Student: 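Before I ask anything, let me first share the structure, which is written out below as structure tokens.
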Amino acid sequence: MKLWGGRFSKETASSVDEFNASIDFDQKLYKQDIQGSIAHAKMLAKQGILSATEAELIIENLDAIHKEIEAGKVEFKIEFEDIHMNIEKLLIDRIGDTGKKLHTARSRNDQVAVDIRLYVKESITEITNLLKKMQKTIISIAEGHMDTILPGYTHLQRAQPVTFAYHIMAYFQMFSRDIERLDDCYKRTDSLPLGSGALAGTTYNTDREFLAKELGFSVICNNAMDAVSDRDFIIEFISDASTIMMHLSRFCEELILWSSSEFDFIEMDDAYSTGSSIMPQKKNPDLAELIRGKTGRIYGNLINILTIMKSLPMAYNKDMQEDKPPLFDTVETLKSSLYVFNEMIQTMKIKKDNMNHAAKTGFLNATDAADYLVEKGIPFRECHSIIGRLVLYCVENNHSIESLSLDKLKMFSDKFEDDIFEKIDIKNCIESKKSSGSTSKKSVTIMIENAKRKLNI
Ligand code: ARG
């Protein structure tokens, strides 16, 4: 018979058991469920609701069940619907009536809420650690490429020269914001719903502060109805995950472009690339493409959970069981993407010479040439137009600005002197950037120092 079978005069249809059950996916929460139940049993004993011996027996057997699950010895049953009732049934099978007392002053509604909050908290910690690992990789790549120059792009058109260290440190900033966002989400997840009962609180003299301490929550949820109905933390978490994936996807897009023969700025390690089944010469950046693709899955998960929660009346509704597949998928996808991405960038070859070479064409020094004329007293807008005409001349005659003679340059402005050539030298274009946060070595050095301080390295 079902744990809730008393009110029913018929068994549920097997098709209903099948359809209603979440055990296939929520068995992932066995650890959190047992953790929550142990804390609950301790609290019940402390408050005199259970005797100390009863609580001890429950805890001992929950520990044993935990071990059996980890050893793969437990077969969960669809007829017991979810992880909560499967574990409770296992306990009752072992210790009979004492096991039946565990669910005193508790509902599956506050039970499932505490389980997922524990799961999301752990996941945030793991994902934050993976992000920090990746940031360390970024720093070490940056340190090795302080003098590697490549074109900086806007509209994917060559714009101004930058160093590779500077370019890659842009991603460090994105991942720092991601960590902050997760940290913020953690604060709201860190609130204990257990002890709320089904929706209205319980008649027992429970101690929720004790439960919060036992389970490592900073605060308790203040309104029992909200506590069992709230899934905002899942929405926030998947939204944060979506932003992380968006950042990874942009990074991947650059790596894919850079791996092409057209750019040829990097080469993925053989261990992190794949071949073609028909074209023998192919070496494809599949991992980067797949991470870019998996971003779609996470966005889908966000829309999924937002749509599940939309229009749900207070308090618990079974719809909410559907929160778990998108949540679990997000955690798994994000963790594996971060893990493999980190290995991929650690092993990729950076083709410094090709980057440097690309920075020589495309008039990357045109803005510096305009700035030169500003220094000579010409208003910027006018300088812009002079250099524009100069670039047009170069394009039409297949020249670079620096390959023109001073006499030729003077035809565009008599303010040009010999020092123009130093001013528009690519290296100088980088080092002469004075604003904080710029691509100059001085500024990138500060950036890296700050980054290391942030990571305590
Ligand atoms: N399996 C359920 C879920 O994941 C547990 C809570 C069920 N509560 C209920 N009143 N049916 O949401």
Side-chain angles (χ1 to χ4, degrees), residues 1-8 11-37 39-40 62 65 69 74 76-92 100 102-123 189 192-202 215 221 223-235 237-238 301 304-332:
M1 195 171 86
K2 296 273 193 301
L3 291 175
W4 41 254
R7 187 237 176 274
F8 290 77
E11 289 291 311
T12 38
S14 58
S15 58
V16 172
D17 277 347
E18 193 87 29
F19 188 74
N20 200 35
S22 53
I23 186 64
D24 272 358
F25 53 85
D26 68 14
Q27 53 183 273
K28 207 183 217 3
L29 294 173
Y30 74 87
K31 197 180 78 186
Q32 291 82 358
D33 198 67
I34 291 175
Q35 196 187 347
S37 289
H40 184 64
L62 283 172
I65 293 170
I69 297 175
V74 171
F76 294 116
K77 296 208 175 86
I78 255 179
E79 55 175 311
F80 298 116
E81 200 178 317
D82 55 24
I83 187 65
H84 324 293
M85 288 197 295
N86 264 278
I87 289 177
E88 194 181 335
K89 180 72 171 69
L90 288 168
L91 185 71
I92 294 169
K100 292 183 185 166
L102 173 64
H103 211 53
T104 315
R106 184 177 78 169
S107 151
R108 259 190 304 156
N109 299 348
D110 54 345
Q111 190 178 354
V112 71
V114 79
D115 290 3
I116 16 179
R117 280 181 189 260
L118 284 168
Y119 173 81
V120 170
K121 280 173 58 175
E122 275 171 40
S123 302
T189 311
L192 176 93
L194 193 60
S196 297
L199 76 159
T202 72
L215 291 170
C221 300
N223 176 303
M225 185 174 275
D226 177 49
V228 294
S229 310
D230 174 27
R231 297 292 184 271
D232 292 2
F233 61 97
I234 300 184
I235 294 173
F237 171 74
I238 304 184
N301 291 340
N304 187 343
I305 181 72
L306 280 168
T307 316
I308 290 166
M309 294 310 293
K310 167 186 174 295
S311 324
L312 288 190
M314 292 292 110
Y316 178 84
N317 298 271
K318 188 73 173 208
D319 315 44
M320 285 151 86
Q321 179 165 287
E322 286 292 307
D323 60 1
K324 282 159 220 69
L327 171 64
F328 295 157
D329 182 67
T330 299
V331 170
E332 293 308 317

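Note that these values count all heavy atoms, side chains included, but never hydrogens, waters or copies made by symmetry. Start at 1 and go down the list; that is how both ligands and their atoms are numbered. Given the structure is predicted, the values throughout are model-derived calculations rather than measurements.
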Student: Establish, yes or no, whether a centroid distance under 6.0 Å links the rings of Tyr119 and Phe328.
Tutor: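 Yes, the ring centres sit under 6.0 Å apart.
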Student: Among all protein heavy atoms in this structure, tell me which lies nearest to atom 8 (N) of ligand 1, with the distance rounded to 0.1 Å.
Tutor: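 Result: Asn109 OD1, 2.9 Å.
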Student: Backbone, side chain, both or neither: what part of His84 comes under 4.0 angstrom of ligand 1, heavy atoms only?
Tutor: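 Within the 4.0 Å criterion, His84 contacts ligand 1 through side-chain atoms alone.
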Student: Nearest protein heavy-atom contact for atom 11 (N) of ligand 1: which residue, which atom, what distance?
Tutor: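 Result: Arg108 NH2, 3.4 Å.
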Student: Could you tell me whether ligand 1 has any atom less than 4.0 Å away from a heavy atom of Lys324?
Tutor: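 Right, Lys324 reaches ligand 1.
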Student: Determine the minimum heavy-atom distance between Ala105 and His40, stating which atoms define it.
Tutor: O-CE1, 3.6 Å
Student: Are Glu81 and Arg108 ion-paired here, with the side-chain N under 4.0 Å from a carboxylate O?
Tutor: yes
Student: Looking at every heavy atom in both Leu62 and Ser37, which two are closest together, and how far apart are they?
Tutor: CD1-CB, 3.6 Å
Student: At less than 4.0 angstrom from any non-hydrogen atom of Ser22, what atoms of ligand 1 do you find?
Tutor: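 By the 4.0 Å cutoff, the relevant atoms are 1 (N).
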Student: Considering only the protein, which heavy-atom contact is closest to atom 12 (O) of ligand 1, and what is its distance?
Tutor: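 For atom 12 (O) of ligand 1, the nearest protein heavy atom is Tyr316 OH, 2.4 Å.
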Student: Side-chain contact, heavy-atom cut-off 4.5 Å: Gln111 with His103?
Tutor: yes
Student: Within the 4.0 Å heavy-atom shell around Gln321, which atoms of ligand 1 are there?
Tutor: 1 (N), 2 (C), 3 (C), 4 (O), 12 (O)
Student: Taking only heavy atoms of Asp82 into account, list the atoms of ligand 1 that are under 4.0 Å away from them.
Tutor: 1 (N), 2 (C), 5 (C)
Student: What are the two closest non-hydrogen atoms of Leu118 and Leu215, and how far apart are they?
Tutor: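 For Leu118 versus Leu215, the nearest heavy atoms are CD2-O, 3.8 Å.
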